Amino acid sequence: MRSDAMKTGVKRAPHRSLFKALGLTDEEISRPIIGIAGSYNEIIPGHVHLRTIIDAVKAGVRLAGGTPLEFNTIGVCDGIAMNHEGMKYSLPSRQIVADSVEAVVRGTPFDGIILIPNCDKITPGMLMAAGRLNIPSIFVSGGPMFAGKFKGKKIGLSDLFEYVGQYENGNMTSEELCEAENAACPTCGSCAGMYTANTMNCLTEAIGMALPGNGTIPAVYSERIRLAKKTGMQIMELVKSDVKPRDIMTKAAFQNAIAVDMALGGSTNSALHIPAIADSVGLDISIDDFEEYSKKVPHLCHLSPAGPDFIEDLDRAGGIPAVMKELALNGILNTTAMTVSLISQAEILEKVKDKDINVIRDFNNPVHKTGGLAVLKGNIAINGCIVKEAAVASEMLKHSGPARVFNSEEDAVTAILGKKINKGDVILIKYEGPKGGPGMREMLTPTSAIAGMGLDKDVALITDGRFSGATRGASIGHISPEAAEGGAVAIVEEGDIIEIDIPNRQINVKLSDDEIENRFKTWKPVVKESSEVLKRFGQMVTSADKGAVYRDK
């Protein structure tokens, strides 16, 4: 056992005395010791109930003959961090989560680890840590919250951001806004739509690192507690078999995850996280892989924020296994891929019952014929940028308009809410990328303000920053190279015409190569003041198209 390094033999008597200080018996110390990496905290609604999930996981470990030892990681709530300086710390926190798990597990040679995340950067950060550590590992998330109800309609967090725009535009009273605010997030769990947290928890299933149901069983269901117990029991089987993350997180597994992402219409943030997780196991995945699968995988699930359904509906319809079965029947998936269930995806899919075709559409009757995400390239995004095509109004799939240029999210929001944006405009927010922010903020506030003010079918927003999974509309992010690294987006000026053609995967500023070159002769990058954490992140991070991971030294 790996844990023998800290507990077996005469020389380990001091170590055993420390375990006994914890109250452990000789019998407990002799068993396989399983690290429980939780992210319980009282800040994030998706994590506030994880004490219950962690206790259930521990019960499962004990039932199967192991000894669980718990430790914790940090977490940032992207919703609470939205539209202020706090959002700059969200993406850097992914690295801190990965580093903290790695540090504890390297310092404590567990026989296996169970990772219990739920929200935006914690799930990918823990997946990165599992890939680096490569010891038997399994995931169980806290699950999604229920959708709220307002005026007879299901709503989620993204609706609240849009209602702010409606209020500012005079289309909603303060009483109505308060009523919606009280209704939108009715339970604990990750926010109810196919936002980043739920996208990544669903894709953890598709990659093979979690048991079926991980992505969709609601947080408040007893079934979620039973899943946690089964996860605790299953780590013992993984330890016995010595099946490790790099046996599961193969190229085929990541391709399966991207295919599922396209079918779900997942968050654009997946194009940031999947390459970073792949990097942790030594594989090269880029946004070009997303474009490849976008062409051959149709969008099958019309989920919030783009559509009317929520994660609870996807769960009732059969969940991720039902989505994967539909893709497998049409030759998209590699079903030989191994999973933490210690059976292949094919064997899991054999157990799938009929799906609800109203929520998971048939392959030949999709919501959209192409995948949920699209990668655009052009003279202001030579290395690409990404848009949630499934959430773009048909009127905006092709758009040409004058650039309205801002060097920060705050300036753009002030202009939007101040009614200084006109129909046809293309809002450009630059110097918000990984290096330029630093931190690469999510920008749900400006996109929601645009939608709330009724401009989502008339105005595009592009940025070298990123968008929330709750974003809808012609919102194009991850422009690479970013402005701070000398990407051509840096020299775009107010009034320049920007041409967007999503079906043909093009984005360009209507300037000649000579004009772009001339502007760069006088260009100086905007340098923003930042804290020690952000300064370090900006110095070390790669561009968004590479997953915004730390560069090799």
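Note that this is a predicted model, so its numbers are computed, not measured.
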So how far is it from T204 OG1 to L127 CG, rounded to the nearest 0.5 Å?
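If we round to the nearest 0.5 Å, T204:OG1 and L127:CG are 4.5 Å apart.
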Should we say atom CG of N365 is surrounded by more than 12 heavy atoms from elsewhere, each under 6.0 Å from it?
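Yes, the 6.0 Å shell around CG holds more than 12 heavy atoms from other groups.
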If we only count heavy atoms from C-beta on, is the T196 to D78 side-chain gap below 4.5 Å?
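No, their side chains stay 4.5 Å or more apart.
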Is it true that a side-chain atom of [X] and a backbone atom of [Y] form a donor plus acceptor pair closer than 3.5 Å?
| X | Y | answer |
| --- | --- | --- |
| N41 | S39 | yes |
| N201 | T216 | no |
| D464 | H478 | no |
| N214 | S141 | yes |
| D545 | I287 | no |
| N256 | T335 | no |

Taking the six-membered ring of Y293, is the NZ or CZ of K296 close enough (under 6.0 Å from the centre) and on axis enough (within 45°)?
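Pair K296/Y293 counts as cation-pi.
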Under the criterion side-chain contact (heavy atoms from CB on, under 4.5 Å), which of P144, C188, P186 is the partner of V220?
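Passing option: C188.
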Quick one: salt bridge (charged side-chain N to carboxylate O under 4.0 Å, His left out) partners of K355, sequence neighbours excluded?
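In terms of salt bridge (charged side-chain N to carboxylate O under 4.0 Å, His left out), with neighbours along the sequence ignored, K355 is linked to E326, D362.
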Residue list, salt bridge (charged side-chain N to carboxylate O under 4.0 Å, His left out) with D425, at least two apart or on another chain:
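Partners of D425 under the salt bridge (charged side-chain N to carboxylate O under 4.0 Å, His left out) test: R404.
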Please collect all salt bridge (charged side-chain N to carboxylate O under 4.0 Å, His left out) contacts where either partner lies in residues 302-324, sequence neighbours excluded, each pair once.
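Found K154-E312, K154-D313, D313-R316.
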Donor on one side chain, acceptor on other, S190 and Y195, under 3.5 Å
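Result is no, nothing qualifies.
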Any luck finding a side-chain donor-acceptor pair between N83 and E409 under 3.5 Å?
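Checked: N83/E409 side chains pair up, N/O donor to acceptor below 3.5 Å.
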Using the salt bridge (Lys or Arg N to Asp or Glu O under 4.0 Å) rule, take K151 and E179 through it: C-alpha gap first, then chi angles, then the decisive distance, then the call.
CA-CA 9 Å; K151 292 187 174 181; E179 184 184 346; over 6 Å; no
Starting from the C-alpha separation in whole Å, work towards a yes-or-no answer on side chain to side chain donor-acceptor pair (under 3.5 Å) for T471 and T447.
CA-CA 6 Å; T471 290; T447 58; 3.3 Å; yes
Evaluate the criterion side chain to side chain donor-acceptor pair (under 3.5 Å) for residue pair S304 and R472; output intermediate values, then yes/no.
CA-CA 9 Å; S304 175; R472 65 184 179 93; over 6 Å; no
Classify the ring geometry between H299 and H368 as parallel (under 30°), tilted (30 to 60°) or perpendicular (over 60°).
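Rings of H299 and H368: parallel, under 30°.
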